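Heads up, the thing below is written out as structure tokens.
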Amino acid sequence: DEARLSMQLNHANVVQILDMGRVGETYFMAMELVDGANLRRVMQRAIDIGLTIPVNVACFIAIEIAKGLAYAHEKTDPQGQSLGIVHRDVSPPNVLISRQGEVKITDFGLAKAKSNVSVSEADVVKGKFAYLSPEVVEGKDPDARADIYAVGIILWEMLCGRRLFAGKNDNDTVELVRKGEAPKVAPTRNDVDEDLDKLLQRALAKNLKRRFQTCREMETEMASYL
């Protein structure tokens, strides 16, 4: 499913699947090589050396992630019908940053799409707990707004240099996600203004109607701010 889905995606902000096949009983995928590091490593390195990720860099990365997701969310089949793609696992390890400054999303392994052959198990919450949205934890079907929430978490963490939802164990983390309380960033960083905080609060709104409705909307608003 992942290979079939990913091979339909061709965008500067999505890691390209170049080939897929089977040798004997083993399936393989040949993927684009991104010469760089994943965002988790970049964020950890910044913490290790006492570096605060600049606001414009953090916003740029968030915008590029949103661009890739907007493309995937809007992707249609040859008949013009939406493929209904939701990534469901947007997190720092799945964001690759090249040495040239490219930002690419990878790992559509958990992606929900109408074209998938396999059926998800009932009552199984998929994705990394700390990057789930409150409605997914409550058992609702994820849509594009769940991915938007994950981008909001990533941006918050880049700006604050720490995890937003980090419990002592998985149950604690899930409970923090369920509460969905995201402190404002402006009081802790004097180079983060109220306008950026408002954008963050929209991305991290627990109420789905108050959240950005599409990644394209989030990307446009963030780009205007930047």
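This is a predicted model, so every value here is computed, not measured. Below, each value reflects all heavy atoms present in this structure, side chains not excepted, and no hydrogens, waters or symmetry copies. Residue numbers run from 1 in the order of the sequence given.
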[atom1]-[atom2] distance between [X] and [Y], expressed to the nearest 0.5 angstrom:
X      : Y      : atom1 : atom2 : answer
Leu33  : Leu96  : CG    : CG    : 9.5 Å
Ile65  : His87  : CD1   : NE2   : 10.0 Å
Leu199 : Phe212 : CG    : CZ    : 5.0 Å
Leu196 : Leu226 : CG    : CG    : 9.5 Å
Ile148 : Ile153 : CD1   : CD1   : 12.5 Å
Ile85  : His73  : CD1   : NE2   : 8.5 Å

Could you tell me if the side chain of [Y] sits less than 4.5 Å from the side chain of [X], heavy atoms only?
X      : Y      : answer
Leu83  : Thr76  : no
Glu194 : Lys184 : yes
Met31  : Leu18  : no
Pro92  : Asn38  : no
Glu74  : Arg216 : yes
Lys67  : Val103 : no
Leu200 : Leu159 : yes
Leu39  : Met158 : yes

Shortest non-hydrogen contact from [X] toward [Y]:
X      : Y      : answer
Ile53  : Ala46  : CG1-CB, 4.1 Å
Met218 : Ala203 : CE-CB, 3.8 Å
Arg22  : Gly24  : CG-O, 3.2 Å
Pro183 : Gln201 : O-NE2, 4.0 Å
Cys160 : Val185 : SG-CG2, 3.7 Å
Val34  : Ile97  : CG1-C, 4.3 Å

Are any side-chain N or O atoms of [X] and backbone N or O atoms of [Y], one a donor and one an acceptor, separated by less than 3.5 Å?
X      : Y      : value
Gln213 : Leu208 : yes
Arg211 : Arg145 : yes
Lys75  : Gln8   : yes
Lys104 : Ala12  : yes
Trp156 : Arg162 : no
Asn94  : Asp89  : yes

Between [Y] and [X], is the closest basic N to carboxylate O distance under 4.0 Å?
X      : Y      : answer
Asp35  : Arg99  : yes
Glu217 : Arg202 : yes
Lys168 : Glu175 : no

Greater than 12 external heavy atoms within 6.0 Å of Tyr27's OH:
no
With a 6.0 Å cut-off (strictly less than), is the heavy-atom count around CG of Asp19, excluding the residue itself, greater than 12?
yes
I'd like to know if Met222 and Val57 are part of one continuous hydrophobic network [Ile/Leu/Val/Met/Phe/Trp/Tyr, side-chain heavy atoms within less than 4.5 Å].
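Same cluster.
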Assigning hydrophobic clusters by single linkage (Ile, Leu, Val, Met, Phe, Trp, Tyr; side-chain heavy-atom cutoff under 4.5 Å), is Tyr225 placed with Val151?
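Same cluster: Tyr225 reaches Val151 through Ile, Leu, Val, Met, Phe, Trp or Tyr contacts under 4.5 Å.
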Test Thr173 against Arg163 for side chain to side chain contact (heavy atoms under 4.5 Å, CB included), laying out the working first.
CA-CA 11 Å; Thr173 299; Arg163 299 285 292 276; 5.9 Å; no
Could you please spell out the steps behind the side chain to side chain contact (heavy atoms under 4.5 Å, CB included) verdict for Val174 and Phe165?
CA-CA 8 Å; Val174 167; Phe165 301 124; over 6 Å; no
Polar contact flag, side-chain donor to acceptor under 3.5 angstrom, Asp147-Tyr131
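Side-chain D/A pair, Asp147 to Tyr131: absent.
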Verdict with reasoning, Ile61 to Val42, per side chain to side chain contact (heavy atoms under 4.5 Å, CB included)
CA-CA 12 Å; Ile61 292 171; Val42 174; 5.9 Å; no
Passes side chain to side chain contact (heavy atoms under 4.5 Å, CB included), Phe28 versus Val23? Steps please.
CA-CA 8 Å; Phe28 72 86; Val23 178; 4.1 Å; yes
